[in-house]
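Taking it in order: structure first as structure tokens, then the write-up.
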2 protein chains.
Amino acid sequence: MDATALSDPTPAAARDAVLDGLDAGDVVCVAGRCRVTYEGRASSTLGPGDRLLLLKPDGTALVHTAEGHQPVNWQPPGCDHDAAVVDGELVVHSSRSTPAEELDVRFETVAQLSRYAVTDPAELALEGTEADLKRRVLDEPALVERGFEPRATERETPAGAVDVYGVDEDGNTVVVELKRRRVGPDAVGQLSRYVEALRRDSHEATRIRGILVAPSVTDRARELLAEKGLEFVPVEPVAE
Amino acid sequence: MDATALSDPTPAAARDAVLDGLDAGDVVCVAGRCRVTYEGRASSTLGPGDRLLLLKPDGTALVHTAEGHQPVNWQPPGCDHDAAVVDGELVVHSSRSTPAEELDVRFETVAQLSRYAVTDPAELALEGTEADLKRRVLDEPALVERGFEPRATERETPAGAVDVYGVDEDGNTVVVELKRRRVGPDAVGQLSRYVEALRRDSHEATRIRGILVAPSVTDRARELLAEKGLEFVPVEPVAE
DNA sequence: GATTCTATCTCGCTG
DNA sequence: CAGCGAGGTAGAATC
């Protein structure tokens, strides 16, 4: 991987390095004292301070401070980056349409400007997702309940797609909502919406059960389940 | 802002720079070819590729590729970072408990190692949030409906806290759920939970209305509102 | 620490 | 393109 760094570049040298770097498909990192303004879905201003600005070749911009996982300001992938010297200061501008959003980072001083030729052929292999939980349940439906027979996944209802749709031992319809982690009231609402939608579209006689499958539930979620006549079955996303 | 960069440091020099940097409270950026493993709430592996590793003094770790807003791997603030040379390679390890999570970044090569003395006294001033929408509605309740009188915010119900609670012209109870942007079915479910909870806890005679206040709604959300007998009033989070 | 909910959520998928 | 739901969501407020 190629990497270059300029220390205390002039605003013009910084501008050129930013433009050349983005042109070459590099990731560019600008470190220095700056002010930031954002206008789009919301709007924000950020007074002077030391930060890192990461500009990616896919149009992402990230302004990071010394704290937190999240950037203090950013632009999503797909934006157009530009750099210029305005009033003797490096100004990086990033914008997109739909929705219209603009980010301006104005540097009082640039302490360092780095370029990185970042190429990454590898793909992240992630385990323990909801997809893994679904696979587990389909492989071994008895995890939900003895006699449970899955009939479809992502079955459409007027309220959205049901994770796993099937029938129980007695022939009742079963709607399963999967969650990879401990669930709160929102998941109960989701399951409830699916069950109600199916009940509206079915014969009076048909019994439709709703089962939330997750590692655990909060107290309030459990209360909501009880109120709605829904069930909970504890299952981990991956076997222990 | 102080910034230093080492080009193609030896693993030992890189390790020392990482440890010294973190010790000094700097943000450390390691650029190079690496592999990443994560184990915690889920687990993941990432094969060799060029990436940037940002280590923050608050215990945050971010692994960024050339694409995307999100880091491909990370650790949240509060983790303990460590660096060592293992089998001739720089290995950065970051871990925390509750939940137990570990991240390992093993560098085949380190192209550049930078340290940044990042100090940021400024606070982000953000506008257009749900808090702004709430302020707007409380300042001018007629935005919801002529005669609407807010009586409480964050009023507790068995199903959670209601954004704005009040009464209408006719003395009916009104539950308002605020959303800063266009809403889908989830917000309807949320409002519905609050309304149902209040109905259960109130006299038969009391009429309880649920009003979703947001810039707009999706079609499915509108259908759900109709089914539940809930209402929608369009309001922007900030005046146009 | 656990729970609940917001977020410029982001991301991926589907129509 | 919009809508819908997952996410190692993170972050904040509250209990």
Side-chain angles (χ1 to χ4, degrees), chain A residues 38-44 60-63 67-79 96-103 124 126-134 154 156-157 159-163 177-187 190 193-194 216-221 237, chain B residues 38-44 60 62 67-78 96-103 124 126-134 154 156-157 159-163 177-187 189-190 193-194 216-221 237:
Chain A
Y38 155 75
E39 178 91 37
R41 287 167 290 176
S43 62
S44 72
T60 302
L62 306 169
V63 181
E67 290 176 359
H69 165 106
Q70 298 244 176
V72 63
N73 276 114
W74 71 92
Q75 284 286 67
C79 292
R96 68 162 172 170
S97 44
T98 61
E101 291 196 295
E102 304 207 13
L103 181 74
L124 184 74
L126 184 63
E127 240 173 58
T129 63
E130 185 177 302
D132 293 308
L133 176 56
K134 183 193 287 183
E154 306 306 323
E156 282 298 335
T157 76
V162 167
D163 283 340
E177 174 62 30
L178 304 168
K179 293 294 170 192
R180 67 169 297 279
R181 60 170 194 173
R182 181 172 177 85
V183 295
D186 53 335
Q190 204 181 333
R193 269 162 31 218
Y194 300 151
S216 57
V217 287
T218 65
D219 288 348
R220 190 172 282 175
Chain B
Y38 155 75
E39 178 92 35
R41 286 167 292 177
S43 62
S44 72
T60 302
L62 305 169
E67 290 175 356
H69 165 105
Q70 298 247 171
V72 64
N73 275 114
W74 72 92
Q75 284 288 67
R96 67 161 173 171
S97 45
T98 59
E101 292 196 296
E102 305 208 13
L103 180 74
L124 184 73
L126 183 64
E127 238 174 60
T129 63
E130 186 178 303
D132 293 309
L133 176 57
K134 184 193 285 184
E154 306 306 324
E156 281 299 334
T157 77
V162 167
D163 282 341
E177 175 61 30
L178 304 168
K179 292 294 170 192
R180 66 170 298 279
R181 63 170 195 173
R182 182 172 175 85
V183 295
D186 53 337
Q190 203 180 335
R193 272 169 23 226
Y194 300 151
S216 58
V217 287
T218 65
D219 288 349
R220 191 173 283 174

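It should be emphasised that the depicted structure is a prediction, and the values quoted were computed from it without experimental measurement. Here is how names work: the chains are called A, B, and so on, in the same order as the sequence lines, proteins then strands, and each is numbered from 1.
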Nearest-angstrom distance from the residue atom [atom1] of [X] to [atom2] of [N]:
X        : N      : atom1 : atom2 : result
B/Leu126 : C/dA7  : CG    : C1'   : 9 Å
A/Glu156 : D/dG3  : CD    : C1'   : 11 Å
B/Glu130 : C/dA7  : CD    : C1'   : 10 Å
A/Lys134 : C/dC13 : NZ    : P     : 12 Å
B/Leu133 : C/dC5  : CG    : P     : 17 Å
A/Leu178 : D/dG7  : CG    : P     : 10 Å
A/Lys179 : D/dG8  : NZ    : P     : 13 Å
A/Glu177 : D/dA6  : CD    : C1'   : 10 Å

[Y] side chain reached by [X] side chain, heavy atoms, under 4.5 Å:
X        : Y        : result
A/Pro77  : B/His69  : yes
B/Asp186 : A/Asp186 : no
A/Thr218 : A/Arg182 : yes

Any donor-acceptor pair under 3.5 Å linking the side chain of [X] with the backbone of [Y]?
X        : Y        : answer
A/Ser97  : A/Ala100 : no
A/Arg220 : A/Gly184 : no
A/Arg41  : A/Glu101 : no

Have a look at [X] and say if it touches a base, only the backbone sugar-phosphate, or nothing, with a 4.0 Å heavy-atom cut-off.
X        : result
A/Gly68  : sugar-phosphate
B/Ala159 : sugar-phosphate
B/Pro99  : nothing
B/Arg180 : sugar-phosphate
B/Thr129 : sugar-phosphate
B/Gly160 : sugar-phosphate
A/Gln190 : sugar-phosphate
A/Glu67  : nothing

Rounding to an integer number of angstrom, what distance separates [N] and [M] when you compare their [atom1] atoms?
N      : M      : atom1 : value
D/dT9  : D/dG5  : C1'   : 13 Å
D/dG11 : C/dC11 : P     : 15 Å
C/dT10 : C/dT6  : C1'   : 14 Å

Tell me whether the side-chain N or O atoms of [X] pair up with the base of [N] as donor and acceptor below 3.5 Å, since no angle test is needed here.
X        : N      : answer
B/Asp186 : D/dG5  : no
B/Glu102 : D/dG8  : no
A/Gln70  : D/dG11 : no

Compare the minimum distances between each of [options] and the side chain of [X], then state the nucleotide with the smallest one.
X        : options              : result
B/Arg182 : D/dA2, C/dT8, D/dA6  : D/dA2
B/Asn73  : D/dC4, D/dG8, C/dT6  : D/dG8
A/Thr218 : D/dC4, C/dT6, C/dT4  : C/dT4
B/Arg41  : D/dA10, D/dC1, C/dT8 : D/dA10
A/Pro185 : C/dT6, D/dC4, C/dT4  : C/dT4
B/Trp74  : C/dT3, D/dG8, D/dC4  : D/dG8

**Report entry** Position toward the 5' end of DNA chain D (nearest nucleotide), B/Arg96 or A/Arg193
**Finding:** A/Arg193

Report summary line: Per nearest nucleotide of DNA chain D, the residue lying toward the 5' end, B/Gly184 or A/Ala131, is B/Gly184

**Report entry** Distance below 4.0 Å between A/Tyr194 side-chain N/O and D/dC4 OP1 or OP2
**Finding:** no

Query raised in the report: Any side-chain N or O of B/Arg181 less than 4.0 Å from the OP1 or OP2 oxygen of C/dT6?
Result: no

Report summary line: Comparing A/Asp219 with A/Ser44, nearest DNA chain C nucleotide closer to 5' gives the residue A/Asp219

Query raised in the report: Do NZ/NE/NH1/NH2 and the carboxylate oxygens of B/Glu154 and B/Lys134 come within less than 4.0 Å?
Result: yes

